[in-house]
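Because the structure is predicted, anything quoted here is derived from the model rather than measured. Along the sequence shown, the residues carry numbers beginning at 1.
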Amino acid sequence: MKKLFACMLALSIIFAFAACEPAVEPTEPSVPPATQETSPSTEPSTTQAPTENTPVNTVPENLYSVAMPITEETAYAEDGTPVFTYSYQTMHLILQDKEVADKIIIDFLSKVETTRSDAEHLRSLAEARDHTAIGFIPYSYQLHFDPMRIDQGVLSMHGHVSQIGEAAHSNTHCMSASYDLVTGDVLTLGSILYHADAKQAISDMVVQELEKQPELNLFEDYKTSVRSRFQRDESIDDDFYFTPTGLCFYFSPYEIAPYASGTITVELPYDRLTGIIADAYFPAERTAASGTLNIGSFEDADLSGYSQFAELVITPDATKLLLTATDSVHDVRIKKLYRSDDGQSIIQQKTIFASNGLSQTDAILIDGNFDSATPLYSVSCVTGGQSVQYYITNNGGQYSLTKVD
């Protein structure tokens with residue numbers, strides 16, 4: 001049974017990326033994210049299927065998930081020195097409606113493909129440079145989207161493009177992409193507004209929120225820039241994203257503040273958006289969540305108690321782990337950790353998987369390499385009203401979750 005299931009999952013992964021088709025039959029949801037980091041304290045963790053005696057305090061919900069593993073294409077000089085890296089994501093989406101999932105995947109992959117010509121241009125510049133010169137730093141073009149909200153109505157992502165090349169510092173600008181999970185349509189500001197003149201109310205609220213943050217060191221004319229931003233054609237304006245708690249608008253470096261201020265983000269909470277955005281884009285109420293996450297070997301797991309599966313393929317045909325929950329949890333996130341050269345500190349985290357949650361009858365298959373001495377991946381969820389984060393750790397071939405306090 002297990003071998004048959006593993007084969008089916010492997011085939012589904014191949015078909016998902018070849019035909020842009022989600023690989024697992026699913027079934028409905030909840031809402032998303034949060035993370036933190038510090039020093040770890042080990043918690044034992046096993047992978048067990050639910051039994052008749054396992055306490056249940058919630059009704060299992062349909063599972064919605066998106067896997068967005070990172071692909072890196074590296075160019076090398078003749079002597080083997082890396083001179084350029086192009087980093088981007090693919091997408092594997094689990095929804096009830098496969099046609100909707102296909103529509104979203106195709107649109108997302110087309111967005112990614114539009115960056116390839118710029119990446120290739122930067123690569124040609126890198127290859128023309130003398131990589132043996134003192135101070136040479138490999139060029140890079142990085143495109144990454146973080147899933148910010150996924151539930152029965154919305155998939156919303158916030159991303160950035162970062163280029164390292166000829167300039168004195170990296171050139172970064174932000175982007176976003178949001179989709180209606182009922183229709184598969186791209187969401188624009190015009191499509192989410194309750195009525196067209198609500199755009200003025202949003203503009204006013206964004207200015208009000210920025211006025212509350214004098215520490216941001218905004219340009220003197222930032223209000224003019226903000227109001228100009230909301231004079232765009234709302235039918236093609238997709239520079240926003242949803243979170244579980246609100247609607248966010250962002251301003252890339254130099255738009256309303258100096259480069260050192262980074263990206264400026266303003267979140268408008270949902271309780272202020274009644275009558276401004278359409279009802280369909282408010283998150284549904286969530287049932288209580290009080291479970292904990294477990295992880296263990298897929299090969300050793302009893303799969304009979306699970307009815308909904310999601311998958312994340314980081315490295316094909318590597319170590320297969322199964323992530324489960326003792327009871328319902330919300331907003332499951334898996335992140336790739338980027339560490340300093342000495343491995344002691346985490347300098348960056350990038351989300352590569354998100355789901356609305358997990359119930360006792362849900363499981364996530366993760367295929368990757370987890371044998372590093374220092375954890376390279378983290379898992380988080382919301383339970384009991386709090387965000388909890390773990391590292392995926394390996395102790396002599398026994399995989400577990402190490403809680404981050």
Kindly assign one of parallel, tilted or perpendicular to the pair [X] and [Y], based on the angle between their ring planes and the thresholds 30° and 60°.
X: F242; Y: F240; result: perpendicular
X: Y399; Y: F370; result: perpendicular
X: H144; Y: H160; result: tilted
X: H131; Y: F136; result: perpendicular

Between [X] (side chain) and [Y] (backbone), is there a donor-acceptor pair under 3.5 Å?
X: D180; Y: D185; value: no
X: S355; Y: G357; value: yes
X: H330; Y: T287; value: yes
X: T383; Y: G291; value: yes
X: R129; Y: P138; value: no
X: E209; Y: V266; value: no
X: D146; Y: M148; value: no
X: Q89; Y: M68; value: yes
X: Y250; Y: S176; value: yes

Heavy atoms from other residues, nucleotides or ligands near [atom1] of [X] exceed 12 (cutoff 6.0 Å):
X: D341; atom1: CG; result: no
X: N395; atom1: CG; result: no
X: F230; atom1: CZ; result: yes
X: Q398; atom1: CD; result: no
X: Q386; atom1: CD; result: no

How long is the gap from [atom1] on [X] to [atom2] on [Y], to the nearest 0.5 Å?
X: R333; Y: I352; atom1: CZ; atom2: CD1; answer: 12.5 Å
X: L293; Y: I364; atom1: CG; atom2: CD1; answer: 8.0 Å
X: I256; Y: N217; atom1: CD1; atom2: CG; answer: 11.0 Å

Answer yes or no: is there a side-chain heavy-atom contact under 4.5 Å between [X] and [Y]?
X: L143; Y: M175; value: yes
X: L95; Y: Y64; value: yes
X: H92; Y: V313; value: no
X: K350; Y: Q142; value: yes

Margin query: So that I can tick it off, tell me whether K103 and D107 are bridged by a salt bridge, with the cut-off set at under 4.0 angstrom between side-chain N and carboxylate O.
Written below: no
| Do D237 and K199 sit within salt-bridge range, that is, some charged N less than 4.0 Å from a carboxylate O? |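 Salt bridge: no.
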Scan side-chain atoms only and decide if [X] and [Y] contain a donor-acceptor pair under the 3.5 Å cut-off.
X: Q200; Y: D204; value: yes
X: N394; Y: D371; value: yes
X: S156; Y: S178; value: yes
X: S87; Y: T85; value: no
X: Y141; Y: T115; value: no
X: S400; Y: T393; value: yes

Salt bridge (Lys or Arg N to Asp or Glu O under 4.0 Å) contacts touching residues 251-263 (sequence neighbours left out):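 The answer is none; no pair qualifies.
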- Message: Using the ring centroid of each side chain, check whether F108 and Y179 are separated by less than 6.0 Å.
- Response: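 Ring centres of Y179 and F108 not closer than 6.0 Å.
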TODO: Answer with yes or no after comparing the ring centroid distance for F251 and Y222 against a 6.0 Å cut-off, counting only values under it.
DONE: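 When the ring centroids of F251 and Y222 are compared, they turn out to be at least 6.0 Å apart.
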| said: My understanding is that only one of V66, I366, D367 makes a side-chain contact (heavy atoms from CB on, under 4.5 Å) with L312; could you say which? | reply: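 The residue from V66, I366, D367 that satisfies side-chain contact (heavy atoms from CB on, under 4.5 Å) with L312 turns out to be I366.
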All N/O donor-acceptor pairs, side-chain side in residues 119-127, below 3.5 Å, sequence neighbours left out:
from: R123; atom 1: NE; to: E127; atom 2: OE2; distance (Å): 3.1
from: S124; atom 1: OG; to: H121; atom 2: O; distance (Å): 2.6

**OP:** Decide yes or no on side chain to side chain contact (heavy atoms under 4.5 Å, CB included) for R286 and D151, but give the supporting numbers first.
**Re:** CA-CA 10 Å; R286 300 198 285 188; D151 54 33; over 6 Å; no
Nearest heavy-atom contact between S290 and D327 is OG-OD2, 4.1 Å
